[in-house]
Chemist: 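Below you'll find the structure I mean.
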Amino acid sequence: MPSQLLVRLWGLNTPLKKILNIYYKFITMKKIIDWISGLLKDEKGTPSSKRFVGILAGVSLCITLFANQFTEEHIAPAESLVNAVAALAFGALGLASVDKIWGKKSEE
């Protein structure tokens, strides 16, 4: 951690060390949020509903299948429902990829 290096090098006191730790965590969290928001944007930088739906369906499918491991068989979701959510996730993310590859070229 950079703040620990500064404390070791310059012998900074405890309040400044706490401030540096908070700043470092804030910068790290901002990078994570920027990365996640970048996932939901298309190549032009605008939010993409297809990517949002695809990622949401994929995450919900993973959570459902993980939780299904610990439940009884009669509580499990129907196989057709799981296949439909998987098709929605793959279709939405596939359409987002097709738009990126073969989308309209903007005139420069």
Side-chain angles (χ1 to χ4, degrees):
M1 223 174 181
S3 61
Q4 292 174 349
L5 179 65
L6 289 173
V7 169
R8 227 179 286 143
L9 289 177
W10 293 300
L12 297 176
N13 58 7
T14 306
L16 186 56
K17 179 181 174 184
K18 288 180 183 180
I19 292 171
L20 289 173
N21 281 333
I22 291 170
Y23 175 74
Y24 179 74
K25 288 177 185 178
F26 173 75
I27 294 298
T28 304
M29 185 60 69
K30 181 157 177 34
K31 287 180 183 178
I32 292 170
I33 290 172
D34 289 344
W35 180 78
I36 291 172
S37 68
L39 282 177
L40 300 176
K41 293 180 181 175
D42 61 4
E43 61 277 356
K44 296 175 188 170
T46 57
S48 172
S49 60
K50 289 180 275 202
R51 288 185 185 195
F52 176 73
V53 169
I55 291 173
L56 185 68
V59 168
S60 65
L61 182 64
C62 290
I63 291 171
T64 301
L65 293 177
F66 180 75
N68 190 27
Q69 292 177 354
F70 305 107
T71 59
E72 299 175 14
E73 189 171 339
H74 70 277
I75 300 176
E79 186 176 340
S80 60
L81 179 63
V82 172
N83 290 337
V85 173
L88 176 66
F90 297 143
L93 292 174
L95 286 174
S97 299
V98 168
D99 281 350
K100 186 174 185 178
I101 295 171
W102 289 294
K104 293 181 182 178
K105 305 270 192 254
S106 62
E107 295 191 23
E108 297 176 13

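This structure is a prediction, so every number in the text was calculated from the model and none was measured. Computed over heavy atoms, backbone and side chain alike; hydrogens, waters and symmetry mates excluded.
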Chemist: Flag yes if Ile32 and Ile27 sit in one hydrophobic cluster, no otherwise; membership is Ile, Leu, Val, Met, Phe, Trp, Tyr, and two members link when side-chain heavy atoms are under 4.5 Å apart.
Modeler: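 Result: no, two separate clusters.
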
Chemist: Quick one: do Ile55 and Ile36 end up in the same hydrophobic cluster if we chain Ile, Leu, Val, Met, Phe, Trp and Tyr together by side-chain heavy atoms under 4.5 Å apart?
Modeler: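 Looking at the clustering, Ile36 is in the same group as Ile55.
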
Chemist: Could you tell me the separation between the CG atom of Leu93 and the CZ atom of Phe52, rounded to the nearest 0.5 Å?
Modeler: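 If we round to the nearest 0.5 Å, Leu93:CG and Phe52:CZ are 12.5 Å apart.
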
Chemist: Are Trp35 and Val59 in one and the same hydrophobic cluster, where Ile, Leu, Val, Met, Phe, Trp and Tyr link if side-chain heavy atoms are under 4.5 Å apart?
Modeler: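 Yes, because Trp35 and Val59 connect within a single hydrophobic cluster, where side-chain heavy atoms sit under 4.5 Å apart.
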
Chemist: Would one find more than 12 heavy atoms of other residues, nucleotides or ligands at under 6.0 Å from atom CD of Glu79?
Modeler: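 Open: at most 12 neighbouring heavy atoms sit under 6.0 Å from CD of Glu79.
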
Chemist: I'd like to know if Phe90 and Val53 are part of one continuous hydrophobic network [Ile/Leu/Val/Met/Phe/Trp/Tyr, side-chain heavy atoms within less than 4.5 Å].
Modeler: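 Each belongs to a different hydrophobic cluster.
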
Chemist: Please report the interatomic distance CZ(Phe66) to OG1(Thr71), rounded to the nearest 0.5 Å.
Modeler: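 Phe66 atom CZ to Thr71 atom OG1 measures 11.5 Å (nearest 0.5 Å).
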
Chemist: Looking at Ala92 and Lys50, what are the two nearest heavy atoms and their distance?
Modeler: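 Reported closest heavy-atom pair: CB-O, 3.4 Å.
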
Chemist: To the closest 0.5 Å, what do you measure between CD1 (Ile33) and CZ (Phe26)?
Modeler: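 Answer rounded to 0.5 Å: 8.0 Å.
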
Chemist: So which atom in Ser60 and which in Ala57 form the shortest heavy-atom distance, rounded to 0.1 Å?
Modeler: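 Nearest heavy atoms, Ser60 then Ala57: OG-O, 2.9 Å.
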
Chemist: What's the shortest heavy-atom distance between Gly54 and Ala89, and which atoms?
Modeler: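 Minimum heavy-atom contact is O-CB, 3.8 Å.
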
Chemist: On a heavy-atom basis, which atom in Arg51 and which in Leu39 lie closest, and how many Å separate them?
Modeler: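 Distance-wise, the nearest heavy atoms are CD-O, 3.4 Å.
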
Chemist: Would you say Leu61 and Leu88 are hydrophobically clustered, going by side-chain heavy atoms of ILVMFWY under 4.5 Å?
Modeler: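 Each belongs to a different hydrophobic cluster.
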
